[in-house]
Amino acid sequence: MRELEVLCLVTTGMTNCSIGMELGISERTAREHVARIMLKLGVGSRVQIAVIATKWGMERVASNGAGQQGEGIDLLSQRLVPDELWALVEPLVPRLRTHPQGGGAGPAEERAVFTAIVYVATSGSAWRDLPPSFGVTFQTAHRRFEQWTEAGLWSRLHRAVLEELGEQDQIGWSRAAVDAAFMRAEEMDR
């Protein structure tokens, strides 16, 4: 959550000192947040952070004030898992078994869990570093990732994406066949 606020303020051109004053944290803490953001995004400068934030549509959040982080997370979630992707994923997600004895917290919303998993997979972040703003604990996201892996979700999703792209003529199947033939020929040479 704090990193999202810092990210939004970086996009406005604020210095670490200004970010610290705005958020009530030290300049050093602001600098550490910026460094972690750079690491997670795989960039080397504040300008690159701003470019990525602009691609995500985060500049709108920054111009409205960093205090509106809910909108920022919604934008990030939409970028990570657009509605079209979720429409493919949702029917493939294994349903949780209910416990007849009840108890415990209710299950996390499937789309939020999937989005959290996509975030960890694409950001290179550790499970433990999953921002709480996704509304899913890192333990839940990791446990569900393992359950879905065991249930074969990822291979079914891969097939569904390929089928969807194939129906839209967005895959060059002839090239894929040539690439596959080349790989087999190359393997035979060994």
Visitor: Look at the side-chain heavy atoms of Ile, Leu, Val, Met, Phe, Trp and Tyr, link any pair under 4.5 Å apart, and say whether V10 and L39 land in one connected group.
Guide: no
Visitor: To the nearest 0.5 angstrom, please state how far the CG atom of D129 sits from the NZ atom of K40.
Guide: 5.0 Å
Visitor: Testing the basics here: between L130 and A141, what is the closest heavy-atom pair and its distance to 0.1 Å?
Guide: CD2-CB, 4.0 Å
Visitor: Taking atom CD1 of I117 and atom OG1 of T149, what is their separation to the nearest 0.5 Å?
Guide: 7.5 Å
Visitor: If the threshold is 4.0 Å, N to carboxylate O, is there a salt bridge linking R28 and E32?
Guide: yes
Visitor: Step through the shown structure and confirm whether more than 12 heavy atoms of other residues, nucleotides or ligands are within 6.0 Å of CD on Q168.
Guide: yes
Visitor: Could you report the tightest heavy-atom contact between T115 and V81, atom names first, then the distance?
Guide: OG1-CG2, 3.4 Å
Visitor: Are V93 and W86 close enough that some pair of their side-chain heavy atoms sits under 4.5 Å apart?
Guide: yes
Visitor: For R156 and A151, indicate whether the former's side chain and the latter's backbone hold a donor-acceptor pair under 3.5 Å.
Guide: yes
Visitor: Atom CD in E5, atom CD1 in I19: separation rounded to 0.5 Å?
Guide: 11.0 Å
Visitor: State whether the side chain of R46 and the backbone N or O of V34 hold a donor-acceptor pair below 3.5 Å, judged by distance alone.
Guide: no
Visitor: Scan residues 17-27 for pairs that pass side-chain hydrogen bond (donor to acceptor under 3.5 Å, both in side chains), counting only residues two or more places apart or in two chains.
Guide: T15-S18, S26-T29
Visitor: Heavy atoms only: give me the nearest V89-L157 pair and the separation to one decimal.
Guide: CG2-CD1, 3.6 Å
Visitor: Which distance, rounded to the nearest 0.5 Å, do you find between the CD of E90 and the CG of L85?
Guide: 11.5 Å
Visitor: Looking at every heavy atom in both V6 and A30, which two are closest together, and how far apart are they?
Guide: CG1-O, 4.5 Å
Visitor: Who passes ring pair (Phe, Tyr, Trp, His ring centres under 6.0 Å) against F145, sequence neighbours left out?
Guide: W127, W154
Visitor: Please examine the side chains of I25 and H33, heavy atoms only from C-beta on, and report whether any two atoms are closer than 4.5 Å.
Guide: yes
Visitor: Side-chain contact, heavy-atom cut-off 4.5 Å: H142 with R128?
Guide: no
Visitor: Locate the shortest heavy-atom distance separating A160 from L92; write the atom from each residue and the value.
Guide: CB-CD1, 3.9 Å
Visitor: Please find the pair of heavy atoms, one from E110 and one from W148, that lie closest to each other, and give the distance.
Guide: OE1-CZ2, 3.0 Å
Visitor: Counting C-beta onward and ignoring hydrogens, is there a side-chain heavy-atom pair between L162 and R159 closer than 4.5 Å?
Guide: no
